[in-house]
Undergrad: 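Just dropping this structure here.
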Amino acid sequence: MEPSYDATSDIPRSQQIHASMGFLRDLKLYDFKKPYDGVPVTNIRGYEDVFELDVHGFQVARHKTSMNPKDFRLPELIQGIYLQRRQNALADSALKRVQDSWPLEVNSICSGRCQILNVWRPIGSPLKDWPLALCDVRSVNEKDKVKADLIYPGYEGENTLLYFSPHHKFYYVGKQRQDEIWIFKQFDSMVGIAGGCPHGSFKNPEKTVSTIADQSIDIAALVIY
């Protein structure tokens, strides 16, 4: 069987930079945040439409908001305007989130396909200092992952951390604007397609001098089919 064509190979190598990112150190007693210098991260500007949620684990969408940057400082506007019908919210940790939030509906929710998706948006000026990088899930091996506790006041769950691998393929959008949003997966109950997508911000080595700090907003949504 002929291998399928991978459109990400069309992105020129000149759009790749080398960034410092945090990974797990591969030791039994590890320091769970160890920097690896020179991780390749490719700018997908001009190739945004190549990436698909069910193939790579993430995609870029274009969506304008009526809110201005100052509005995002007000919880009542975020709750009343920005979130609208979105709901915060299955692997073991995802199932626990559903059980905690909707204990009476958990059986019906889990009976069909469901996803936990993140929607991440820059606020105000285009991002320069700390872009968000997304990892193509096809480049991640199961042995690269390790479960870790996720503990907040009133909530305990699990998260997945990542060991470094030279095979990982990270992507970002150069000077990402407020109307350009990342949509990426935390979980998908459907097998055979992209699942949870590793991600993290990195300090841009090509940043321009700016007096405005990067800002963003990230929401998680439970999607039920």
Side-chain angles (χ1 to χ4, degrees), residues 7-8 10-12 14-22 39-89 115-137 152 159 168-188 194 196-223:
T8 63
D10 292 338
I11 304 176
S14 60
Q15 293 194 195
Q16 190 177 91
I17 62 175
H18 284 75
S20 295
M21 301 183 72
V39 177
V41 188
T42 299
N43 181 3
I44 66 171
R45 176 64 71 194
Y47 298 85
E48 297 92 335
D49 295 337
V50 164
F51 297 89
E52 300 179 30
L53 191 63
D54 285 340
V55 176
H56 307 89
F58 61 87
Q59 68 182 58
V60 180
R62 293 163 182 84
H63 179 266
K64 293 184 178 181
T65 175
S66 60
M67 294 178 62
N68 64 54
K70 291 183 179 180
D71 291 339
F72 284 99
R73 300 177 184 175
L74 304 174
E76 62 273 20
L77 293 184
I78 293 175
Q79 185 70 33
I81 298 176
Y82 189 68
L83 293 184
Q84 296 180 351
R85 298 180 182 177
R86 299 182 182 105
Q87 300 184 62
N88 286 334
Q115 300 171 313
I116 295 179
L117 303 179
N118 280 54
V119 180
W120 191 94
R121 180 196 298 272
I123 296 175
S125 303
L127 293 181
K128 299 183 179 70
D129 298 342
W130 291 90
L132 184 67
L134 287 297
C135 187
D136 187 338
V137 299
Y152 295 112
N159 198 1
H168 295 159
K169 294 182 179 180
F170 283 92
Y171 299 93
Y172 77 107
V173 179
K175 298 181 180 179
Q176 185 177 354
R177 304 185 303 270
Q178 181 170 288
D179 64 345
E180 297 175 311
I181 60 175
W182 282 118
I183 302 175
F184 57 94
K185 293 186 181 182
Q186 287 193 40
F187 172 80
D188 195 326
C197 175
H199 56 279
S201 293
F202 67 94
K203 186 174 179 61
N204 188 357
E206 297 184 341
K207 75 163 193 162
T208 57
V209 177
S210 174
T211 58
I212 303 175
D214 285 345
Q215 300 179 74
S216 62
I217 183 169
D218 182 26
I219 67 170
L222 174 66
V223 182

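Sequence positions, counted from 1, serve as the residue numbers for this chain.
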Undergrad: Distance check, rounded to the nearest 0.5 Å: Asp71 atom CG versus Ile123 atom CD1?
TA: 10.0 Å
Undergrad: What residues form a side chain to side chain donor-acceptor pair (under 3.5 Å) with Thr42, not counting sequence neighbours?
TA: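 Only Gln16 meet the side chain to side chain donor-acceptor pair (under 3.5 Å) criterion with Thr42.
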Undergrad: Contact between Leu127 and Val173 at the side-chain level, heavy atoms closer than 4.5 Å - yes or no?
TA: no
Undergrad: Mind checking the CZ-OG1 spacing from Phe72 to Thr65? Nearest 0.5 Å is all I need.
TA: 4.5 Å
Undergrad: Answer whether the closest heavy-atom distance between the side chains of Phe170 and Pro40 falls below 4.5 Å.
TA: no
Undergrad: Salt bridge check, Lys203 against Asp214: does any charged N sit closer than 4.0 Å to a carboxylate O?
TA: no
Undergrad: Working to the nearest 0.5 angstrom, can you tell me the gap between Ser216 OG and Trp182 CH2?
TA: 13.0 Å
Undergrad: Which heavy atom of Cys135 sits nearest a heavy atom of His168, and at what distance?
TA: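 Between these two residues, the closest heavy atoms are SG-CB, 4.0 Å.
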Undergrad: Would the distance check show the side chain of Glu180 and the main-chain N or O of Arg177 forming a donor-acceptor pair, the cut-off being under 3.5 Å?
TA: yes
Undergrad: Going through the checks in order, is the side-chain contact (heavy atoms from CB on, under 4.5 Å) test met by Gln176 and Glu48?
TA: CA-CA 11 Å; Gln176 185 177 354; Glu48 297 92 335; over 6 Å; no
Undergrad: Would you please name every residue forming a side chain to side chain donor-acceptor pair (under 3.5 Å) with Asn118, sequence neighbours left out?
TA: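 Partners of Asn118 by the side chain to side chain donor-acceptor pair (under 3.5 Å) criterion, ordered by chain and then number, come out as Gln186, Asp218.
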Undergrad: Does any part of the side chain of Phe58, heavy atoms only, come nearer than 4.5 Å to the side chain of Lys185, both counted from C-beta?
TA: no
Undergrad: Which residue, Asp188, Ile219, Leu222, Val223, forms the side chain to side chain contact (heavy atoms under 4.5 Å, CB included) with Leu117?
TA: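 Single pass found, and it is Val223.
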Undergrad: Please tell me whether Tyr171 and Tyr47 form a close aromatic pair, meaning their ring centres lie under 6.0 Å apart.
TA: no
Undergrad: Are Arg121 and His63 packed together at the side-chain level, in the sense that at least one heavy-atom pair is separated by less than 4.5 angstrom?
TA: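 Arg121 vs His63: side chains touch.
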Undergrad: Give the minimum heavy-atom separation between Pro198 and Val137, together with the two atoms involved.
TA: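 Closest pair (atom of Pro198, atom of Val137, distance): CD-CG1, 4.3 Å.
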Undergrad: Please name all residues satisfying salt bridge (charged side-chain N to carboxylate O under 4.0 Å, His left out) with Asp10, sequence neighbours left out, ordered by chain then number.
TA: none
Undergrad: So do the side chains of Pro69 and Gln178 get within less than 4.5 Å of each other, counting heavy atoms only?
TA: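 Yes, at least one pair of side-chain atoms sits under 4.5 Å.
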Undergrad: Is there a side-chain contact between Leu134 and His199, using heavy atoms and a 4.5 Å cut-off?
TA: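 Result yes, sub-4.5 Å side-chain heavy-atom pair found.
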Undergrad: Which heavy atom of Pro131 sits nearest a heavy atom of Tyr172, and at what distance?
TA: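 Closest approach of Pro131 to Tyr172, heavy atoms only: CB-CD1, 3.9 Å.
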Undergrad: So, for Gly174 and Asn43, which heavy atoms are closest and what is the spacing to 0.1 Å?
TA: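 Scanning both residues completely, I find the closest heavy atoms to be N-OD1, 2.9 Å.
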Undergrad: So how far is it from Asn204 CG to Trp130 CH2, rounded to the nearest 0.5 Å?
TA: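 Taking CG in Asn204 and CH2 in Trp130, the distance rounds to 10.0 Å.
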Undergrad: Is there a side-chain contact (heavy atoms from CB on, under 4.5 Å) between Ile44 and Val60 once you walk through the steps?
TA: CA-CA 10 Å; Ile44 66 171; Val60 180; 3.8 Å; yes
Undergrad: Any sub-3.5 Å donor-acceptor pair from Gln59's side-chain atoms to Ile183's backbone N or O?
TA: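 Not confirmed, Gln59 side chain does not pair with Ile183 backbone.
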Undergrad: Going from CZ on Phe202 to CG on Asp129, what distance comes out if it is rounded to the nearest 0.5 angstrom?
TA: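 Going from the CZ atom of Phe202 to the CG atom of Asp129 covers 11.0 Å.
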